[in-house]
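Inspection log for the structure reproduced underneath, given as structure tokens.
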Amino acid sequence: MSTITVKAFGAESTTADLKEMNIERREVTPKDVEIEILYCGVCHSDLHTARNDWGGSLYPVVPGHEIVGRITNVGNEVSKFKVGDLAAVGCMVDSCGHCDSCKHDLEQYCLNGFTGTYNGKDTHLGGHTFGGYSQKVVVDEHFVLSVPENLDLAAVAPLLCAGITTWSPLRHWNAGPGSKVAVVGLGGLGHMAIKLAKGLGAEVTLFSRTPGKTDDAKQLGADHVVISTDDSQMDAVKGKFDLIIDTVPYEHDVNPYMQTLSLNGTLVLVGFVGEFQETEVSTRPMIFQRRSVAGSLIGGIAETQELLDFCGKHNIVSDIELIKMQDINHAYERMLKSDVKYRFVIDMQSL
């Protein structure tokens with residue numbers, strides 16, 4: 001298969017800083033779309049993969065799965081896009097297409113495993129996939145999304161991961177007018193959960209461990225802030241919430257939040273991936289009030305397009321800090337210290 005060489009930024013090993021390198025992209029096939037990348041969001045998953053925190057990283061690693069750009073070439077069988085269109089690519093670039101999940105527009109739960117935008121199996125060129133810290137990307141049109149022209153393109157990028165990760169459970173559990181939604185954690189995911197839940201018409205509460213985030217939460221759209229370390233405040237919201245979106249990315253005690261769920265309420269974990277080893281989760285509040293603890297990944301392609309269209313209609317984007325590609329290693333260090341409100345986005349013109 002013919003290829004083109006493009007500049008990228010990636011890591012050669014677990015301990016290496018990210019640096020400029022060249023990678024190969026395939027020439028467009030009949031169903032492919034080629035995108036010049038204008039902006040790429042920075043996700044904690046990028047850092048974890050570059051440093052092999054989860055194991056299984058394939059080097060060189062070129063991260064980036066929050067991609068926004070303009071189409072520069074299309075295959076002769078592409079029907080949804082044309083050269084010059086704004087386009088986006090999220091966390092997936094392929095799936096089997098024929099399992100029950102894929103048939104129901106739930107490619108993120110592909111029973112044969114979806115292909116990640118980076119560190120996935122490249123079925124075209126062999127080897128593994130490279131992400132959006134690069135000049136261009138070539139993707140099957142099914143996994144390419146349309147971007148509303150009215151939105152700030154840089155601030156759109158995190159919608160492709162942080163946005164859809166919170167949108168999918170909000171939609172699945174029917175958040176909207178009359179529902180009471182709480183969000184645990186005010187970071188990249190949490191700030192989007194607040195904006196989207198409020199946009200859907202829900203009454204929104206932030207759970208925070210300290211009072212310092214109250215003003216920020218309310219500016220983002222939260223109606224209330226509950227300090228989770230204050231027993232009296234937690235007692236006051238027992239049995240209140242229909243849905244809790246828990247965005248905390250490390251092991252923590254979910255039992256206090258369980259008590260604040262209403263009958264049939266659900267706490268959805270979207271931030272922590274792993275095992276609860278230090279904290280036991282009590283089944284008592286689940287059994288006696290038919291409450292649930294669930295998990296949720298990103299959304300499928302149709303659902304992600306729904307999110308982008310909704311954000312275009314309601315002018316919802318992420319709060320970002322724009323950086324140059326050459327500043328990515330420093331940005332990673334700042335991310336580890338939670339020193340960003342609320343998402344870094346790379347201006348890819350700097351590459």
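- When every heavy atom of Leu351 is checked against every heavy atom of Gln135, the shortest pair comes out as CD2-N, 3.9 Å.
- Note that the CD1 atom of Ile323 and the CD1 atom of Ile328 stand 4.5 Å from one another [nearest 0.5 Å].
- Under a cut-off of 6.0 angstrom, the local environment of NE2 in His314 is crowded, with over 12 non-hydrogen atoms contributed by other residues, nucleotides or ligands.
- Nearest heavy atom pair, residue Gly132 against residue Ile67, reads CA-CD1, 3.6 Å.
- Atom OG1 in Thr279 sits 5.0 Å away from atom CG in Asp253 (nearest 0.5 Å).
- At least one side-chain heavy atom of Val42 sits less than 4.5 Å from a side-chain heavy atom of Ile346.
- A donor-acceptor pair under 3.5 Å links the side-chain atoms of Asn255 to the main chain of Ser282, judged by distance alone.
- One distance of note links CG of Leu308 with CH2 of Trp167; it measures 10.0 Å at 0.5 Å rounding.
- Side-chain contact between Cys311 and Leu196 is present, with at least one heavy-atom pair separated by less than 4.5 Å.
- The side chain to side chain donor-acceptor pair (under 3.5 Å) analysis of residues 109-131, with sequence neighbours excluded, yields the pairs Asp46-Tyr118.
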Item to check | Audit row: Val293, Met258, side chain to side chain contact (heavy atoms under 4.5 Å, CB included) steps and yes/no | outcome: CA-CA 8 Å; Val293 176; Met258 290 280 292; 3.2 Å; yes

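- In this structure, CG in Asp17 is found 10.5 Å from OH in Tyr332, a value given to the nearest 0.5 Å.
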Item to check | Intermediate values then yes/no, side chain to side chain contact (heavy atoms under 4.5 Å, CB included), Met286 and Val281 | outcome: CA-CA 10 Å; Met286 290 188 267; Val281 178; 4.2 Å; yes

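- The ring-ring contact (aromatic ring centres under 6.0 Å, His included) test applied to Phe114 returns no partner, not counting sequence neighbours.
- No continuous path of ILVMFWY side-chain contacts below 4.5 Å connects Val184 to Val268, so the two sit in separate hydrophobic clusters.
- With sequence neighbours excluded, the residues that form a ring-ring contact (aromatic ring centres under 6.0 Å, His included) with Phe207 are Phe241, Tyr257.
- For the pair Thr247 (side chain) and Gly185 (backbone), a donor-acceptor distance under 3.5 Å is present.
- The backbone N or O of Met325 lies less than 3.5 Å from a partner atom in the side chain of Ser350, making a donor-acceptor pair.
- Sorted by first then second residue, the salt bridge (Lys or Arg N to Asp or Glu O under 4.0 Å) pairs that include residues 95-109, not counting sequence neighbours, number zero.
- With rounding to the nearest 0.5 angstrom, the CE atom of Met92 is 8.5 Å from the CD1 atom of Ile164.
- Within the 3.5 Å criterion, the main-chain N or O of Ala16 finds no donor-acceptor partner in the side chain of Asn329.
- By the rule that hydrophobic residues join a cluster once side-chain heavy atoms approach within less than 4.5 Å of another member, Leu160 and Val89 end up as members of one cluster.
- Shown here for Ile37 and Ser134, the closest heavy-atom pair between the two residues is CD1-O, 3.3 Å.
- Here the closest heavy-atom approach between residue Pro169 and residue Leu243 is recorded as O-CD2, 4.1 Å.
- Within the structure, the salt bridge (Lys or Arg N to Asp or Glu O under 4.0 Å) test picks out the following pairs touching residues 333-345 (sequence neighbours left out): Arg51-Glu333, Glu66-Arg343, Asp216-Lys341, Glu321-Arg334, Arg334-Asp339.
- Among all heavy-atom pairs drawn from Leu267 and Leu261, the shortest one is N-CD1, 3.7 Å.
- Legend: side chain to side chain donor-acceptor pair (under 3.5 Å) pairs involving residues 286-301, not counting sequence neighbours, sorted by first then second residue: Asn264-Arg290.
- In this structure Glu34 satisfies the side chain to side chain contact (heavy atoms under 4.5 Å, CB included) test together with Ile4, Val28, Thr72, Asn73, Lys136, Val138, sequence neighbours excluded.
- In this structure, a donor-acceptor pair under 3.5 Å is present between the side chains of Asp309 and Gln305.
- Side-chain atoms of Thr166 come within 3.5 Å of backbone atoms of Ala162 as a donor-acceptor pair (strictly under, hydrogens ignored).
- When side chains are defined from C-beta on, Arg209 does not count as touching His252, because their heavy atoms never get closer than 4.5 Å.
- Taking hydrophobic clusters as Ile, Leu, Val, Met, Phe, Trp and Tyr residues chained together by side-chain heavy-atom distances below 4.5 Å, Leu189 shares a cluster with Leu336.
- Leu159 and Val340 fall within a single hydrophobic cluster, where Ile, Leu, Val, Met, Phe, Trp and Tyr are joined by side-chain heavy atoms under 4.5 Å apart, directly or via other members.
- Counting only heavy atoms from C-beta outward, the side chains of Val183 and Thr205 never approach each other to under 4.5 Å.
- Residue pairs meeting the salt bridge (Lys or Arg N to Asp or Glu O under 4.0 Å) criterion with at least one member in residues 70-87, sequence neighbours excluded: Arg70-Glu149, Lys82-Asp85.
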Next on the checklist: Run Asp140 and Asp94 through side chain to side chain contact (heavy atoms under 4.5 Å, CB included) and show every step you take.
Outcome noted: CA-CA 7 Å; Asp140 184 287; Asp94 205 358; 5.7 Å; no

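- There is a side-chain donor-acceptor pair under 3.5 Å between Thr29 and Asp32.
- No donor-acceptor pair under 3.5 Å is formed between the side chain of Asp230 and the backbone N or O of Met234.
- The same ILVMFWY cluster, assembled from side-chain heavy atoms under 4.5 Å apart, contains both Val78 and Leu86.
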Next on the checklist: Is there a side chain to side chain contact (heavy atoms under 4.5 Å, CB included) between Lys7 and Asn22? Walk through the geometry before answering.
Outcome noted: CA-CA 5 Å; Lys7 282 199 295 186; Asn22 290 324; 3.8 Å; yes

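- Residues meeting the ring-ring contact (aromatic ring centres under 6.0 Å, His included) test with Phe272, sequence neighbours left out: Phe276.
- Among pairs with a residue in residues 14-51, those fulfilling ring pair (Phe, Tyr, Trp, His ring centres under 6.0 Å) read His48-Trp54, at least two apart in sequence or across chains.
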Next on the checklist: Would Glu27 and Thr3 count as a side chain to side chain donor-acceptor pair (under 3.5 Å) here? Give the steps.
Outcome noted: CA-CA 5 Å; Glu27 294 271 13; Thr3 62; over 6 Å; no

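- Contact annotation: the side chain of Glu36 never approaches that of Met348 to less than 4.5 Å [non-hydrogen atoms, C-beta and beyond].
- Side chains of Leu269 and Val254 form a contact here, defined as non-hydrogen atoms less than 4.5 Å apart.
- Applying the salt bridge (Lys or Arg N to Asp or Glu O under 4.0 Å) rule to pairs touching residues 160-186 yields Arg171-Glu306, sequence neighbours excluded.
- Scanning for ring-ring contact (aromatic ring centres under 6.0 Å, His included) contacts around Tyr342 gives His191, with sequence neighbours left out.
- Contact detail for Leu297 and Ser168: the closest heavy-atom pair is O-CB, 4.4 Å.
- With rounding to the nearest 0.5 angstrom, the CD1 atom of Ile301 is 11.0 Å from the CG atom of Leu106.
- Contact check for Asp242 versus Trp173: no side-chain heavy atoms found under the 4.5 Å cut-off.
- The closest side-chain heavy-atom distance from Ile23 to Val6 is below 4.5 Å.
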